[in-house]
2 protein chains.
Amino acid sequence: MKENILKATDLKTTKSRLAILKVLEKSSVPMTAEDIYSIVVTDVHLSLSTAYRTLGTLSDKGILLKNLSQDGKTYYQINNHQHKHQLVCTLCSKTVPIDECPLTNMEEYLIRKTGFAITGHSLEFLGICPKCTENMKE
Amino acid sequence: MKENILKATDLKTTKSRLAILKVLEKSSVPMTAEDIYSIVVTDVHLSLSTAYRTLGTLSDKGILLKNLSQDGKTYYQINNHQHKHQLVCTLCSKTVPIDECPLTNMEEYLIRKTGFAITGHSLEFLGICPKCTENMKE
DNA sequence: GTGGCTGCAAAACCTTTGCACACAA
DNA sequence: TTGTGTGCAAAGGTTTTGCAGCCAC
């Protein structure tokens, strides 16, 4: 299955690529290159550069979605057309995935209004989670 | 007026700060530190570090909104409670400001659902502008 | 065999920071 | 005067890149 994804985009099947795809397929939330690398490297030998290169290539091919978050790190997720956004606590970094994306209508509106071909969007909410709110009272 | 903004937040009134606020008040779109610096420096002597420090301070005080864009640069805008998002062409970087923000309802929903206190959000659309679409046909 | 893939180290990029000096209050 | 603000240069973190060797096809 993962092999097919690669073949369909003229990419060679390598251990690194398969391992990276496997990790992302298992994950329910977007992950950073570092996150992915540190998991994959326990199983397969690869360098951080390769992780970055692979993630970049897969994103270019549309297999992954790539998103630079407000924390300065880039998050990757499988592009299964059910992409997820995040709500991140600015104090403890607790992250809650958001399943609903309210932007489809907005995109249609922008296409009509600006003539752009819209290829994607980034959306992120920042806040303070209940636990941190509690801690602040002490 | 700009002096008052600074006094109200216990910040000293300096030429750099006034000049930076002036540039942002005139702008209808969010600007990067580099953008702001290059305009201000033609008028007032300041260093890029000062620009960054000032922008950071003003953001912390809630006077500015700070937003890390998908291009890896941080954009600043006056926080006048009518914040703007952007639609950016991934080819030529043409940027269109978006006046409507569709996320107020979404935030209320997330507060109810997650218990987070939501302090902000980032939203950005990426696409290809009409001119670049035209160029690709050639 | 050949071109794409990888590792390593170095560089790039934007942003932050340490320290000594300058200036607003 | 005093503590905040500033300039300069150096460092910080993440990501990208050059080059030589390696591996999938």
Side-chain angles (χ1 to χ4, degrees), chain A residues 2-21 30-38 40-61 63-76 88 90 93 122 124, chain B residues 2-21 30-38 40-61 63-76 88 90 93 122 124:
Chain A
K2 285 182 285 290
E3 286 84 346
N4 293 340
I5 293 178
L6 295 174
K7 278 181 188 153
T9 48
D10 291 321
L11 295 177
K12 291 191 175 167
T13 306
T14 67
K15 284 180 188 172
S16 305
R17 287 174 176 168
L18 292 174
I20 287 174
L21 280 173
M31 299 174 73
T32 66
E34 188 80 42
D35 291 341
I36 297 164
Y37 168 74
S38 66
V40 169
V41 82
T42 63
D43 208 29
V44 176
H45 173 83
L46 89 169
S47 70
L48 186 55
S49 319
T50 298
Y52 274 109
R53 271 194 274 232
T54 300
L55 292 166
T57 306
L58 295 177
S59 300
D60 290 345
K61 296 286 186 180
I63 297 169
L64 301 181
L65 292 177
K66 179 177 179 176
N67 178 258
L68 177 54
S69 158
Q70 293 304 306
D71 66 5
K73 292 177 189 162
T74 303
Y75 287 73
Y76 299 86
V88 183
T90 50
S93 299
S122 67
E124 186 175 48
Chain B
K2 285 183 284 291
E3 286 85 345
N4 294 339
I5 293 178
L6 294 174
K7 278 181 189 156
T9 48
D10 291 322
L11 294 177
K12 291 190 177 170
T13 306
T14 66
K15 283 181 188 172
S16 306
R17 287 174 177 168
L18 291 174
I20 287 174
L21 280 173
M31 300 175 73
T32 66
E34 188 80 43
D35 291 340
I36 298 164
Y37 168 75
S38 66
V40 169
V41 82
T42 62
D43 209 28
V44 175
H45 172 83
L46 91 168
S47 70
L48 186 54
S49 320
T50 297
Y52 274 110
R53 269 194 274 234
T54 300
L55 292 166
T57 306
L58 296 177
S59 300
D60 290 345
K61 297 285 186 181
I63 298 169
L64 301 182
L65 292 177
K66 180 177 177 175
N67 178 257
L68 178 54
S69 158
Q70 294 303 306
D71 65 5
K73 292 177 190 161
T74 303
Y75 286 73
Y76 300 87
V88 183
T90 51
S93 300
S122 68
E124 185 174 48

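- Annotation: side chain to side chain donor-acceptor pair (under 3.5 Å) contacts of A:T50 (sequence neighbours excluded): A:S47.
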What one-letter contact string describes nucleotides 4-14 of chain D from 5' to 3', where B marks a base within less than 4.0 Å of any protein heavy atom, S marks contact via sugar-phosphate atoms alone, and - marks no contact? SSBBBB----S
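- Considering only residues two or more places apart in sequence or on other chains, A:T32 meets the side chain to side chain donor-acceptor pair (under 3.5 Å) condition with A:D35.
- In this structure, A:L64 CG and A:Y76 OH are separated by 8.5 Å, a value rounded to the nearest 0.5 Å.
- Of all non-hydrogen atoms in A:S38 and A:T42, the two that sit nearest each other are O-CG2, 3.4 Å.
- A donor-acceptor pair is defined here as one N or O able to donate and one able to accept, closer than 3.5 Å; such a pair exists between the side chain of B:E124 and the backbone of B:Q70.
- In terms of the side-chain contact (heavy atoms from CB on, under 4.5 Å) criterion, residue partners of A:D71 (sequence neighbours excluded) are, by chain and number, A:S69, A:K73, A:Y75.
- Annotation: side chain to side chain donor-acceptor pair (under 3.5 Å) contacts of B:T14 (sequence neighbours excluded): none.
- Rounded to 10 degrees, the angle separating the terminal axes of the helix from C:dG1-D:dC25 to C:dA25-D:dT1 is 30°, with each axis obtained from five end pairs.
- Judged as a side-chain contact (heavy atoms from CB on, under 4.5 Å), and not counting sequence neighbours, the contacts of A:I63 are A:I5, A:T9, A:L21, A:L58, A:K61.
- Smallest separation of non-hydrogen atoms from A:A19 and A:V40: CB-CG1, 3.7 Å.
- With sequence neighbours left out, the side chain to side chain donor-acceptor pair (under 3.5 Å) criterion links B:T57 to no other residue.
- Along DNA chain C, read 5' to 3', the first and last nucleotides having any atom under 4.0 Å from a heavy atom of chain A are C:dG3 to C:dA9.
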